[in-house]
Amino acid sequence: MSLPDAAAFENPYALSHLDALEAESVHIFREVAGEFENPVILFSGGKDSIVMLHLALKAFAPASVPFALLHVDTGHNFPEVLEYRDRTVAEHGLRLHVASVQEFIDNGRLRERPDGTRNPLQTVPLLDAIESHRFDAVFGGGRRDEEKARAKERVFSLRDEFGAWDPRRQRPELWSLYNGRHAPGEHVRVFPLSNWTELDVWQYIEREKIELPEIYYAHERDVFQRNGMWLTAGEWGGPKEGETVERRLVRYRTVGDMSCTGAVDSDAVTIEHVIAEIAASRLTERGATRADDKMSEAAMEDRKREGYF
Amino acid sequence: MSSTITEQGAATSLLRFATAGSVDDGKSTLVGRLLHDSKSVLADQLEAVEHASRKRGQEAPDLALLTDGLRAEREQGITIDVAYRYFATPRRRFILADTPGHVQYTRNMVTGASTAELAVVLVDARNGVVEQTRRHAAVAALLRVPHLVLAVNKMDLVDYAEPVFAAIAEQFGAYAASLGVSDVTAVPISALAGDNVVEPSANMDWYGGPTLLEHLETVPVGTDPSDEPARFPVQYVIRPQSAEHPDYRGYAGQLASGVLRTGDQVTVLPAGITTTVAGIDVLGEESDIAWAPQSVTVRLAEDIDISRGDLIAAGPAPQATQDVVATVAHLNERPLRVGDKVLLKHTTRTVRAIVKDIPYAIAVDTLEQVEHPGSLNVNDLGRVVLRTAEPIALDDYRSNRRTGSFLLIDQADGTTLTAGMAGEAF
């Protein structure tokens, strides 16, 4: 919270854009706490879910967050991120549920894709966890600026018993009156960061001095190139024959599955450097670092229809 | 690069605005131009649009593909739903509700306008003010969007002639005045050629006003909360019951209007109990003041029974009522009929309600009243009389967009049926 600055605004009570976005997101968290029985926060250890958790902590202070966390572990997560996840859960006394893609593969309920990408496989364990824990509201860190199918997403998004999103049957969303009514078996995905952009998220991380997993900052790493992406070499399935490992100075703009999240060349070692780099970048974060969105023009929409968040 | 950090990193204000225009008025081009010229379209997005355009056999990149996000929209070449766009200049952050003019126009525009502080109504300079223009202006007025912009587009096709612009601006201004809207800014533009959108036009030196973006950057945002009575709908009760905070009891919510200070006398509605503010916590930090639209936690001097759905009010308090008279926009294919039993969601309170009467529907283009239509169909505007099962603390929408608005919801399946605005329409 910054104090009103009469010099910056004609109206001394005007909120800065970060304060306005923060107030709106906190309102969304509290609406869900007031209207649902069993909500959960999807937590990947990525910057958006970290900001989401930070907002939830502020929304209910001095009480603790009245939601558990759910991590869909692809089995190809960055070790730095898992370490961050466990430390955060312990620090705030949170409950963590883990839905494991590897477990589903091991017991035959999921099959590895030929391209080795595990991101699309997350949907099955996610929906299984929602069903078995009877979660009725699931917070996701998705932002509408990420992708054009997401630009159509509501803040409260009703999903049917298959977890599916039907863009043609969305409820109109007016004022700040969110309609969370749902039938048994259905659930609502809630996106408190809908109106934030990548730059807002970084500026907020800077302002609130939020710690992130270190892979968001420049570091040396063994990587190899696949489909124009710098992927981390490792047991998950790379490099293959013909792909060569290089040691490069890189950082991650998004954090997801190692098999489809690319690193970007960067020497940004501090948050100030990262913000400067993003502000000057000619690529969106997904365009720069996500292989799975390049599969087709409607890749995100198709996955969302299947229950992806 | 260092200038980028200072510019983009500095605290800026936020403007939410909506665009409305009929088919072929060039709205997609205008939105594309705003995004493109404010450098909010990045290389990979442009590359994707170029690739998709080539696949369709088009030579030039089709900027509509930048905004049409859904498979069905791209297949049919139309926009079927409100989408939200984000861009920023060094002076301001923008959230644009991009509302399609094609199908289901009223519903989409009502949705976009509900949170907008400014609406851009687009007109084709060759056609002037048409039925659609009047409809867009009426919806903006009905939703009490504080600022209205008339963008007279395709000036390049009328030889950038001042009299054409002046005549349209005058006609529109008169219509807006009849709707009670006084703040109208008219800008002559060509979205295609880029005249007066971001850069001033060399073709219209007779125009002395701001470019569209300049106006968006400088229009005052927000209301002055010190002028308004305080309204604080209680969302959630915070009771840590921890060793550190054994007796803490705070009411969490977002100030809908006005300013609250420690020591202020407040009334809790609908019960009508009076008490004082003992303390305010702004997201974990103590403060002696809070104002709209901050999300805060309020502590009260007396331990009274307050829960989600109650309203803490200072200044002249609204009457708690079970009889609601409102102007509504019906949003769903299922009609709203006299006698329907529905749920009414107002701020944080949801109550049962019955539709007692629909005195008239409003023809949006002429503003004429159709008496006792019996039901309202999708995209209809009308007047509705409701009786609620429990009292609600309702303000007039005219004086408070947040505590004067409500939704009607289908009891059976939770569908959002109708958007309501308490009090007189225009």
Side-chain angles (χ1 to χ4, degrees), chain A residues 1-2 5 8-11 13-23 26-27 30-31 33-34 58-64 144-145 148-149 151-152 167-168 170-177 179 181-183 194-195 197 199 203 272 275-276 279-284 287-288 297-298 301, chain B residues 1 4-5 8-9 11-14 42-45 52 67 69-72 81 83-86 93 95 107 110-111 114-115 220-222 224-226 235-236 238-240 244-245 248 252 254 282-285 291 293-295 308 331 345 348 401-402 405-407 409 413-416 419:
Chain A
M1 234 286 300
S2 45
D5 178 1
F9 307 111
E10 295 154 45
N11 174 358
Y13 292 101
L15 298 186
S16 73
H17 78 279
L18 287 180
D19 284 331
L21 292 171
E22 181 186 59
V26 164
H27 175 255
R30 291 165 166 179
E31 279 300 284
K58 290 183 91 167
F60 300 100
S64 48
R144 288 183 186 134
D145 79 319
K148 54 191 174 181
K152 301 268 172 178
R168 282 176 176 278
Q170 298 197 87
R171 289 172 180 165
E173 205 158 70
L174 298 97
W175 298 289
S176 50
L177 290 169
N179 179 357
R181 300 194 79 85
H182 59 282
S194 283
N195 286 326
T197 65
L199 194 58
Q203 287 176 348
E272 292 80 13
I275 290 175
S281 173
R282 296 295 303 135
L283 292 176
T284 64
E297 211 182 326
E301 180 183 347
Chain B
M1 192 179 285
T4 319
I5 313 174
Q8 306 249 18
T12 54
S13 54
L14 182 64
L42 298 182
D44 55 311
Q45 294 171 312
T67 54
L70 302 175
R71 196 182 277 279
D81 203 348
Y84 294 87
R85 317 278 168 211
Y86 303 84
R93 265 271 278 116
I95 300 177
R107 171 169 80 185
V110 167
T111 302
S114 71
T115 51
V221 292
D224 183 352
S226 61
Q235 272 190 292
Y236 191 75
I238 293 180
R239 291 181 63 211
E244 204 185 333
H245 303 280
Y248 187 98
Q254 184 174 23
V282 182
L283 304 183
E285 281 173 54
W291 62 93
Q294 288 185 319
S295 276
R308 175 175 170 82
L331 311 168
K345 180 164 178 142
T348 55
R401 289 172 88 187
R402 237 173 142 147
S405 56
F406 60 85
L407 300 179
I409 295 170
D413 64 3
T415 302
T416 300

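Here is the naming used below: chain letters follow the sequence lines, and residue numbers restart at 1 for every chain.
Separating the CZ atom in B/R85 from the OG1 atom in A/T197 is a distance of 14.5 Å, to the nearest 0.5 Å. Note that CZ of A/R181 is 11.0 Å distant from OG1 of B/T415, once rounded to the nearest 0.5 Å. Going from atom CG of B/L331 over to atom CZ of A/R171 covers 12.5 Å, rounded to the nearest 0.5 Å. Between the CD atom in A/E22 and the CG atom in B/L283 there is a gap of 5.0 Å [rounded to 0.5 Å]. Here the straight-line distance linking atom CG of A/L18 with atom OG1 of B/T12 works out to 7.5 Å at 0.5 Å rounding. Here the CG-OG distance, from A/D19 to B/S295, works out to 11.0 Å after rounding to the nearest 0.5 Å.
Contacts between B/S405 and chain A at a heavy-atom distance below 4.5 Å involve backbone atoms as well as side-chain atoms. Heavy atoms closer than 4.5 Å to chain A are found in the side chain of B/I409, but not in its backbone. Proximity to chain B is absent for every atom of A/S64, based on heavy atoms less than 4.5 angstrom apart. If you measure heavy-atom distances from A/H27 to chain B, the contacts under 4.5 Å come from both the backbone and the side chain.
Contact detail for A/L177 and B/F406: the closest heavy-atom pair is CD1-CA, 3.7 Å. Taking all atoms of both residues into account, the shortest heavy-atom contact from A/A20 to B/L14 is CB-CD2, 3.8 Å. For the pair A/W175 and B/T115, the tightest heavy-atom approach, listed with the atom from each and the gap, is O-CG2, 3.5 Å. Nearest heavy-atom pair across B/Y84 and A/E173 is OH-O, 4.4 Å.
Each of B/P293, B/S114, B/A419 has some count of heavy-atom pairs under 4.5 Å with chain A, and the biggest count is that of B/S114. Between chain B and the residues A/A183, A/S194, A/A151, A/P62, the largest count of heavy-atom pairs under 4.5 Å involves A/P62. Annotation: maximal heavy-atom pairing with chain B below 4.5 Å, among A/S176, A/A59, A/A61, occurs at A/S176.
B/R308 meets the salt bridge (charged side-chain N to carboxylate O under 4.0 Å, His left out) test with A/E31, A/E35; sequence neighbours excluded. Remark: B/A252 engages A/R30, B/Y236, B/I238, B/T297 in a side chain to side chain contact (heavy atoms under 4.5 Å, CB included) (not counting sequence neighbours).
A donor-acceptor pair under 3.5 Å is formed between the side chain of A/N179 and the backbone N or O of B/G414.
Side-chain atoms of B/Y86 and A/N195 include a donor-acceptor pair closer than 3.5 Å.
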